[in-house]
Protein chains: 4
Amino acid sequence: MGKTESVDIKAVRKLADKVKQLSDNIEKERLIQNFLESVVEEDKDVHPLMEELQKHLPECLPFLRGLLQGFNLASGRSKGKCYQSYDHTEIRERILDAALKVFSTKGYYETKMDWIAREAGVGKGTLYRHFKSKEELYRYLIDSRLSELKNKINEIIHTDKDVLEILSECFAEYFRFFQHYRGLYRLILSEEVPFEGGKYIKAALRNIYPIKHKLFNAAQKGQFKQVNFETAFYGFMGFLHGVVQKWLDHGCNYDLMDELPVVTEILLHGVKTERR
Amino acid sequence: MGKTESVDIKAVRKLADKVKQLSDNIEKERLIQNFLESVVEEDKDVHPLMEELQKHLPECLPFLRGLLQGFNLASGRSKGKCYQSYDHTEIRERILDAALKVFSTKGYYETKMDWIAREAGVGKGTLYRHFKSKEELYRYLIDSRLSELKNKINEIIHTDKDVLEILSECFAEYFRFFQHYRGLYRLILSEEVPFEGGKYIKAALRNIYPIKHKLFNAAQKGQFKQVNFETAFYGFMGFLHGVVQKWLDHGCNYDLMDELPVVTEILLHGVKTERR
Amino acid sequence: MGKTESVDIKAVRKLADKVKQLSDNIEKERLIQNFLESVVEEDKDVHPLMEELQKHLPECLPFLRGLLQGFNLASGRSKGKCYQSYDHTEIRERILDAALKVFSTKGYYETKMDWIAREAGVGKGTLYRHFKSKEELYRYLIDSRLSELKNKINEIIHTDKDVLEILSECFAEYFRFFQHYRGLYRLILSEEVPFEGGKYIKAALRNIYPIKHKLFNAAQKGQFKQVNFETAFYGFMGFLHGVVQKWLDHGCNYDLMDELPVVTEILLHGVKTERR
Amino acid sequence: MGKTESVDIKAVRKLADKVKQLSDNIEKERLIQNFLESVVEEDKDVHPLMEELQKHLPECLPFLRGLLQGFNLASGRSKGKCYQSYDHTEIRERILDAALKVFSTKGYYETKMDWIAREAGVGKGTLYRHFKSKEELYRYLIDSRLSELKNKINEIIHTDKDVLEILSECFAEYFRFFQHYRGLYRLILSEEVPFEGGKYIKAALRNIYPIKHKLFNAAQKGQFKQVNFETAFYGFMGFLHGVVQKWLDHGCNYDLMDELPVVTEILLHGVKTERR
DNA sequence: AATGAATGAGTATTCATTCAT
DNA sequence: GATGAATGAATACTCATTCAT
């Protein structure tokens with residue numbers, strides 16, 4: 001309740017300024033100021049003021065009166081209870097979890113809203129209270145989860161560590177992420193959905209990586225070969241995906257992180273033994 | 001009712017700027033902007049927007065709801081009651097007023113219970129404490145308002161005045177009624193609702209009129225032509241409805257009562273100039 | 001088959017002109033002309049020409065080749081049968097009849113597409129092959145039927161008969177129409193539907209009547225009283241509706257046309273007996 | 001393929017004007033206009049429009065369909081076949097080509113059987129004469145195309161060349177394949193379809209490669225590092241996919257084969273410059 | 001008493017498949 | 001053999017009503 005009050009009071013306070021500007025003489029201004037203040041501060045003894053206003057500002061009164069009513073309602077007057085901003089978060093999370101589970105098992109089109117509802121243990125209507133449509137639910141699911149990854153990668157990138165180290169850590173974070181949200185992998189990779197879907201996801205994945213810049217510098221310094229940067233980037237991402245795919249095909253029965261050394265070794269030094 | 005609107009609209013417009021400053025991200029800003037604009041421009045289709053707001057801006061809603069109420073009151077919405085009696089207002093009446101407003105704007109099927117609740121400033125549950133169902137609310141609304149008309153007509157009929165005079169007064173009362181409850185006209189006339197609805201309403205209208213009897217006597221006495229009584233009755237009612245319709249089509253921008261002389265003249269003496 | 005061919009041939013002929021304009025020397029022009037003519041006339045011996053074209057107009061060939069293919073398909077070559085432009089009309093009418101029946105019984109909202117399909121004796125999918133949506137079906141139903149009335153009224157109006165006679169005939173036609181399509185009455189009168197629906201229908205009804213003009217002239221000539229023209233018009237329409245309503249309320253168990261004399265008498269001369 | 005488009009587009013544009021002249025009412029004109037514009041602009045989402053046309057302009061459809069086909073051919077669509085062989089073309093192949101085109105553009109679920117039929121220039125029924133169901137058509141499409149790849153890879157593997165050389169050639173063949181059937185890439189990679197689909201495709205890809213064996217031997221001989229074989233394999237495949245993806249993202253505007261050296265270099269020797 | 005989050009029965013619409021012509 | 005009109009099972013989404021708080 002405290003929450004909504006503060007907002008309303010601020011709003012009304014702001015309103016006071018505005019309404020004052022509407023009045024065209026000092027007298028009116030004083031009256032309205034008093035009125036609004038008494039509303040804001042205490043909302044007691046409003047009635048006598050209302051009567052004064054009625055005399056001197058008949059043209060503004062209906063508006064103020066309406067506002068007062070609204071304010072009273074909003075402040076919870078005459079309603080004993082006021083749900084303290086019911087926590088949408090918990091149920092939303094339940095739905096998102098269920099959605100991830102079903103979507104990633106069945107894919108977008110084969111997933112029926114009924115199943116998500118059942119999986120989440122809520123009614124079908126509840127889904128639609130929280131997400132406008134199947135599409136929005138899907139989008140939100142991908143976006144929210146993906147931005148976690150994005151943030152973590154960004155943290156790693158914006159350190160002053162050596163490029164090689166950053167690269168390793170990104171690989172690690174990438175694996176860690178999909179190990180956690182394994183279901184997400186299929187959704188992100190499949191270009192199934194037509195609405196921005198495919199392209200957009202890939203794009204997001206790519207745009208995430210301002211590391212491009214660092215790599216480029218490293219290449220300039222001779223730390224890396226002068227290969228086409230973009231090709232290498234797409235290839236690396238693909239390589240990582242391949243390794244995740246292997247893990248999934250094996251039923252996730254080992255720790256994805258164990259693959260890191262191999263991945264790093266191959267991508268940095270190749271599979272071929274050093275020529276001497 | 002005297003056009004205080006100009007003041008209110010300006011106020012609301014100004015307010016729009018303020019409220020936008022309260023919002024802290026683009027999305028919210030857009031929603032509120034839309035909402036306020038729809039209030040300012042037309043106050044049509046506000047309800048769907050309210051629902052959006054409810055989902056995305058629960059913390060601002062009470063404030064906006066208050067504002068909307070204020071605006072409605074300010075625009076001269078029906079009840080002459082002033083703030084003192086606010087708390088004593090029968091909730092039932094508030095609901096019925098709201099229902100009349102929404103039903104008559106949107107029709108039965110396009111009216112959502114949520115909108116009535118919001119318009120009335122009560123929770124949806126409260127609606128169901130007072131009326132068992134949407135249907136009952138609708139029925140009661142029509143019945144109660146219509147019985148006002150019925151009573152008035154009955155008073156007129158049960159005097160000993162001349163039949164012609166009675167007829168004139170009935171016409172007048174009929175117009176007066178729909179001028180007051182203009183929204184009701186659409187509801188009563190449309191045969192939209194299937195539950196007895198249509199038939200029943202027409203029936204009610206007809207049964208109201210024991211004047212049939214008097215007219216019949218007058219006809220017998222040669223005061224009226226020996227036309228089929230019932231045909232004339234239906235025709236008269238239709239004629240009145242037509243004139244009300246014209247008034248509505250013209251945006252109710254004149255006094256319906258002004259039409260009375262023409263109506264009386266035509267129905268009693270026809271449009272043709274006397275042959276002699 | 002003959003049907004579609006003629007269209008295609010015309011199209012191709014036109015195309016010939018166009019394509020000729022694209023070519024930039026006489027030689028090319030001749031080739032294309034020949035080619036197209038052989039397609040149009042006989043579609044025999046096209047192949048040698050194609051080879052010529054291939055040599056001299058390689059850049060246009062693919063386009064022409066495609067066109068030829070399309071033309072062959074279209075002409076029904078290599079398909080023994082070609083449904084001779086299956087007659088959509090019959091089934092459309094069945095659907096419209098069914099729709100009128102159900103809509104007028106139940107109203108727009110209470111009518112389920114399933115029922116219309118069942119009533120029409122077709123599958124639900126067939127409905128959607130002929131009408132894009134419930135709304136379109138409804139609109140089309142009203143529009144098509146109403147334009148019949150409109151046309152008939154127009155015929156009546158655009159004669160040189162006396163205004164009074166025209167009026168009578170319009171009344172008669174109006175009754176005749178609703179006697180035929182009795183179900184339509186409810187649909188047209190109820191302002192049930194929100195999409196243009198109500199207003200639009202009333203508007204249509206009114207706009208139908210250029211008779212306004214004639215009446216106005218008659219009033220000027222003193223044939224009619226100098227009453228407000230529009231009021232009279234709305235009133236008259238309402239009167240007619242009232243009488244139709246009576247007929248419906250009586251289960252349509254008499255001939256609506258029988259009411260005509262009373263209607264005419266009242267509207268022209270009133271119900272009151274002539275004062276002497 | 002050699003850009004004959006400019007000519008065709010001009011022709012179609014001109015044609016638009018002509019065809020419009022053939023239509024005899026506004027509605028038709030609009031439909032055709034839309035249709036032709038969508039053909040000219042992008043040739044995307046033509047199918048929904050075709051359906052509209054089919055409903056409202058059955059008599060013009062064959063002509064337009066021919067035009068569309070011509071346009072597709074003209075744009076360089078796959079088959080090098082010229083008109084002589086038209087009649088002998090296996091319908092099955094026509095259908096599979098059409099299916100590949102539509103499936104790869106729209107994905108499995110967004111592809112409607114109607115569109116495939118139209119694209120192939122056959123009736124919907126014909127589709128079902130050749131393939132039992134949408135699913136079977138899809139499966140067969142993937143299988144048949146993929147087995148081409150499989151065969152070629154097998155040929156390469158079953159030579160006595162050096163492992164490194166074999167590897168290079170496989171990379172090349174892989175690229176060559178997707179450069180040819182670019183549409184197929186999306187289908188194979190997306191795990192969209194639930195019926196064995198995803199898994200099955202990946203499995204197919206893997207089982208294709210008995211090269212595993214050779215690589216294993218090479219590793220044993222110290223030619224390769226003793227990395228986990230399977231990890232490397234999945235990674236390599238992923239890497240290749242990544243590079244194909246890059247190519248697609250760039251609109252296939254360069255020769256995929258040009259990427260081969262970089263791919264080989266990185267996978268065999270890594271991106272890091274040799275430590276001395 | 002009042003509230004509004006949750007519910008799920010009910011509906012318009014789509015599209016793979018069939019089959020009469 | 002080929003065709004495409006007809007079909008109806010399947011599904012996303014709505015909204016009147018309920019009930020825990």
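Below, chains carry the letters A, B, ... as their sequence lines are ordered, and counting in each starts from 1. For the numbers below, each heavy atom of this structure counts, side chains included, while hydrogens, waters and symmetry mates do not.
Looking at every heavy atom in both residues, C:Ile95 comes nearest to C:Ala120 through CA-CB, 4.0 Å.
Remark: B:Lys134 is positioned above the aromatic ring of B:Tyr108, its terminal NZ or CZ atom under 6.0 angstrom from the ring centre and at most 45 degrees off the axis. Cation-pi geometry between A:Arg139 and A:Phe131 is not satisfied (NZ or CZ under 6.0 Å from the ring centre, within 45° of the ring normal).
Of the nucleotides present, F:dT3 is the one that pairs with E:dA20 by Watson-Crick or G-U wobble criteria, both distances under 3.5 Å. Here F:dG8 sits opposite E:dC15 as a Watson-Crick or G-U wobble pair (both hydrogen-bonding atom distances under 3.5 Å).
Once rounded to the nearest 0.5 Å, the distance linking CZ of D:Arg94 with CG of D:Leu96 reads 12.0 Å.
Look at CZ on B:Arg118: it is 16 Å from C1' on E:dA2, rounded to the nearest Å. Distance A:Asp114 CG to F:dT14 P: 14 Å, rounded to the nearest Å. The NZ atom of D:Lys124 sits 8 Å away from the P atom of E:dA16 (whole-angstrom rounding). Rounded to whole angstrom, the span from the OH atom of C:Tyr128 across to the P atom of E:dT11 amounts to 12 Å. If you measure from atom NZ of D:Lys134 to atom C1' of E:dC15, you get 8 Å, rounded to the nearest angstrom. As rounded to whole Å, 16 Å separates atom P of F:dA12 from atom CZ of A:Phe131. Atom-to-atom, NE2 of A:His130 to P of E:dG4 comes out at 15 Å; the value is rounded to the nearest Å. Taking atom CG of B:Leu127 as the reference point, atom P of E:dT3 lies 10 Å away to the nearest angstrom.
The nucleotide whose nearest atom lies closest to any side-chain atom of B:Arg129 is, among F:dT11, E:dT11, E:dA1, E:dA1. Across F:dG1, F:dT17, E:dT3, the shortest atom-to-atom separation from the side chain of B:Val122 is found for E:dT3.
The stretch residues 94-110 of chain A has no heavy atom under 4.0 angstrom from DNA chain E at all.
Atom NZ of A:Lys101 sits in a sparse spot, with 12 or fewer heavy atoms from other residues, nucleotides or ligands closer than 6.0 Å.
Judged by closest nucleotide on DNA chain F, A:Met113 is the one of A:Met113 and B:Lys132 placed further toward the 5' end.
Judged by distance alone, with hydrogens and angles left aside, the side-chain atoms of D:Lys112 form a donor-acceptor pair with the main-chain N or O of D:Tyr109 at under 3.5 Å. In this structure, D:Thr126 contributes its side chain and D:Val122 its backbone to no donor-acceptor pair below 3.5 Å.
The side chain of B:Thr126 contributes an N or O atom lying less than 4.0 Å from OP1 or OP2 of E:dT3.
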